[in-house]
2 protein chains.
Amino acid sequence: MVDVARAAGTSQKTVSRVVNAEPGVRPETIERVQRAIAELGFRRHDGASHLRRGTSTASIGLVLEDLAGPFYAALTAGVERRAREHGYLLLTGSADGDAERAGRLVQAFAARRVDGLLIAPNLVGDEVLTANLPPDVPAVLLDRPSADHGTDEVLSDNTGGIAQAVHHLAERGHRSIAYLGDDERFWTSRQRRDGFLAACAERGLRTEGRVSLGVLTPERIAAAVSGWAAAGVTAVVTGNNRASVALLHHLHERTGPRPAHVGFDELDLADLLDPPLTTVAQDAAGIGSAAVDLLFERLATPTLPPRSVVVPTRLVVRRSSPPPDGASAPPVRNDR
Amino acid sequence: MVDVARAAGTSQKTVSRVVNAEPGVRPETIERVQRAIAELGFRRHDGASHLRRGTSTASIGLVLEDLAGPFYAALTAGVERRAREHGYLLLTGSADGDAERAGRLVQAFAARRVDGLLIAPNLVGDEVLTANLPPDVPAVLLDRPSADHGTDEVLSDNTGGIAQAVHHLAERGHRSIAYLGDDERFWTSRQRRDGFLAACAERGLRTEGRVSLGVLTPERIAAAVSGWAAAGVTAVVTGNNRASVALLHHLHERTGPRPAHVGFDELDLADLLDPPLTTVAQDAAGIGSAAVDLLFERLATPTLPPRSVVVPTRLVVRRSSPPPDGASAPPVRNDR
DNA sequence: GGTCCCGATGACAACGTAGTCATAGGGGGG
DNA sequence: CCCCCCTATGACTACGTTGTCATCGGGACC
């Protein structure tokens, strides 16, 4: 601005006025300053401006588990869209399963003075965040709750979504349903398993020996599926995208009767599979934009109590979940 | 730092020394300062630090077409990983097909004083970027060249990848191959079409009436496919992910003989489709990390001439590209 | 003509940090 | 015992910007 002022034959303060479109500058002065700005290629230094103004940086930080997965990509898109609507910029980073890395990201974002943080890594425990998150930086947890409920959070309706899957299968006549979950270090894996157990209990369905949670190795899946076949299982619910794909691979390479299958979380090509996969679709973009909304509300009113938003899921019935062999779908119950 | 200094009974400058681990501070002083930092919850203001130091902000800006697509998600992951290895933070934004929005993103990133820009939106013309990109901010174009070759660029080997697909089909005995491309406003759509024409010419294959480029409406695809069937087409190459999916949907809802199909760009579930789809896989993450490498090289040596990096593709043969009916695969030619 | 007021502009300080240089205190060598 | 040098520390200033207040000139009004 000093250089521009010299070129325009005015003071640095007047340049500031022109740059910020403040009133009370003569039109011809504005003209001179703008010409000088164009000639010198001047750009305002936003960092210095924020420093002096003491205002926010109009940016938020997003910590993810990984950037490439479709769920996180859709979530990021939802976050970025809503943030941009507010004129905010988005900083992103992925933890890649490393709690220390997540902590460093949180600290780096905080040092950049982001206005708030959105924290989604599923494999990282609370302790790292509470150790790294400065108390004056508002944060929203995504897709996972905080243990002490001190922060806002946005969750998928895991329990309800799994219940949708179980009820759908039960209404089609399945009486022996299994659950295949991902690594139990994922909170969502455990949460959805619990939802599965609850929904089965509500339906009076047995679950003993029908639940498998853990790292998705082909061996574990093969063992689980063959055990289930022996137990008369006719339908499987998979607890996330990766579990769905793992089961599909297993079934793909194997002959014999195919259990009905409902997958939690939508797959891009679900309707092109053979058979097209019935899924419980999560609204990843909706989770992202809801989180941004929570964050802005908290920035406006820091004294709000911690809130928890549950984003509904949607059952997308395709052809992978027919009634079991020999049974036709019973009439739909009317009590729900 | 002033507050910390008061609490520690020292000067602000000594706090700065402790924070930056500068030598020449007595251990007990360090101790006192660190205690005060912990008590007050002090964090250094990175923006002020960068301002005073006059150094870079250790951040780069990434402008994408959209954040949710699998190609862009993988690309972002590659960028973020490499940037983090250098201790850089990543700002992201999507243009969503809007050139003006892309320009605003470029300006916002430049005002934040990012050290460099990575620009990937495929639907946006050069003019917006040249109008918005300050000459002193290094930029790398991704997945699309610049018209005037003034900036570095990283491209997929579109021509070579399409040639891989054509040669693969030709070697299996196909003599009448068609190309289905996405909206021709995408530079990659046109580039891959040209690659298709060149590869067919090299093989002596006719292309008249076998190339369809444009918005992927079901109507256009149906018209193209039925036209091709009349022309004796036995194999189709699709020019990107969306074209592959569109064609798969069309084939899925239609009976009759199924042409062989090779898709440009990998699909997550390609091997679970029926039949599993032969693809030309792009290395999206490799494109991203190569772009970051180019950027850092230019930051180190601003006088480098503009460079163009072509990232190779990889043909993944699956079962959607068998020889045409009645033909067995001829022996593989040895001249290549 | 004097006073008041308003529009336009500039001088100065401050945001939080780090570089430069000065200074105080202490120990060793002459 | 004096001087020198080294260690530890602090005062001051600048980075680029904006808020505050002062100043200057001119026109309107009495």
Side-chain angles (χ1 to χ4, degrees), chain A residues 1-37 40-59 89 107-115 134 136-137, chain B residues 1-37 40-59 89 107-115 134 136-137:
Chain A
M1 281 190 178
V2 174
D3 295 344
V4 172
R6 186 165 25 238
T10 176
S11 80
Q12 175 264 328
K13 176 65 210 189
T14 295
V15 177
S16 171
R17 278 191 256 262
V18 172
V19 167
N20 294 298
E22 288 175 27
V25 184
R26 274 201 325 225
E28 65 186 58
T29 307
I30 294 181
E31 168 82 11
R32 276 206 327 276
V33 169
Q34 284 178 334
R35 196 152 38 222
I37 286 176
L40 299 180
F42 166 83
R43 286 167 291 142
R44 183 176 64 182
H45 189 306
D46 274 7
S49 176
H50 290 138
L51 176 61
R52 167 64 236 232
R53 288 184 139 117
T55 61
S56 82
T57 56
S59 58
L89 251 37
Q107 292 195 337
F109 288 156
R112 301 287 175 121
R113 292 297 193 274
V114 295
D115 296 308
D136 57 338
V137 178
Chain B
M1 281 190 179
V2 173
D3 295 343
V4 171
R6 187 165 26 237
T10 177
S11 78
Q12 172 264 326
K13 177 63 212 191
T14 294
V15 176
S16 170
R17 278 191 257 262
V18 171
V19 167
N20 294 299
E22 289 175 26
V25 184
R26 271 201 324 223
E28 65 187 59
T29 308
I30 295 180
E31 169 83 11
R32 277 207 325 279
V33 169
Q34 284 177 334
R35 198 153 36 222
I37 287 176
L40 299 180
F42 167 83
R43 286 167 290 141
R44 183 176 64 182
H45 189 306
D46 274 7
S49 176
H50 290 138
L51 177 60
R52 169 63 233 230
R53 288 186 140 116
T55 62
S56 82
T57 56
S59 59
L89 251 36
Q107 292 194 338
F109 288 157
R112 301 288 176 118
R113 292 298 195 273
V114 295
D115 296 308
D136 58 338
V137 178

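Keep in mind that this is a model prediction, so the values were computed, not measured. Just so it is clear: chains get the letters A, B, ... in the order the sequence lines come, proteins before strands, and each one is counted from 1.
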I'd like to check B:V33 versus B:R17 (side-chain heavy atoms, cut-off strictly below 4.5 Å). Are they in contact?
no
What are the bounds, 5' to 3', of the part of DNA chain C that sits under 4.0 Å from heavy atoms of chain A?
C:dA8 to C:dG16
All salt bridge (Lys or Arg N to Asp or Glu O under 4.0 Å) counterparts of A:R52, not counting sequence neighbours
none
Would you say that A:N20 contacts A:S16 through its side chain, given a criterion of any heavy-atom pair below 4.5 Å between the two side chains?
yes
Non-hydrogen side-chain atoms of B:V19 and B:V4 separated by less than 4.5 Å:
no
What's the angle between the local helix axes at either end of the helix from C:dG1-D:dC30 to C:dG30-D:dC1, using five pairs per end and rounding to 10 degrees?
60°
Are side-chain heavy atoms of B:R113 and A:R43 found at a separation under 4.5 Å?
yes
Residue mapping more 5' on DNA chain D - nearest nucleotide basis, A:S49 or B:R26
B:R26
Position toward the 5' end of DNA chain D (nearest nucleotide), B:R32 or B:R113:
B:R32
Heavy-atom nearest pair, A:A36 first then A:A7, reads CB-CB, 3.9 Å
Which residues in residues 3-18 of chain B have at least one heavy atom lying under 4.0 Å from any atom of DNA chain C?
B:Q12, B:K13, B:S16
Nearest 0.5 Å, what's the CD1-OG1 distance between B:I30 and B:T14?
10.0 Å
Which part of the nucleic acid, if any, lies within contact of A:D46, taking any heavy atom under 4.0 Å across all strands shown: a base, the sugar-phosphate backbone alone, or nothing?
nothing
A:A48 vs B:V19, nearer the 5' end of DNA chain C by closest nucleotide
A:A48
Using a 4.5 Å cut-off on heavy atoms from C-beta on, say whether the side chain of B:V137 contacts that of B:F109.
no
Would you compute the distance between atom OG1 of B:T55 and atom CG of B:D115 and round it to the nearest 0.5 angstrom?
8.5 Å
Euclidean distance, B:E31 CD relative to B:R35 CZ, rounded to 0.5 Å
4.5 Å
Determine the contact category for B:R43: base if any of its heavy atoms lies under 4.0 Å from a base atom, sugar-phosphate if only primed atoms, P, OP1 or OP2 are that close, otherwise nothing.
sugar-phosphate
DNA chain D: 5'-most and 3'-most nucleotides touching chain B, 4.0 angstrom heavy-atom criterion:
D:dA8 to D:dG16
Can you see which heavy atom on A:S11 is nearest to which on A:A5, and at what distance?
C-CB, 3.4 Å
Taking atom CZ of A:R6 and atom CG of A:L40, what is their separation to the nearest 0.5 Å?
9.5 Å
Contacts of B:R112 meeting side-chain contact (heavy atoms from CB on, under 4.5 Å) (sequence neighbours excluded), chain-then-number -> A:D46, A:H50, A:T57, A:A58, A:S59, A:L89
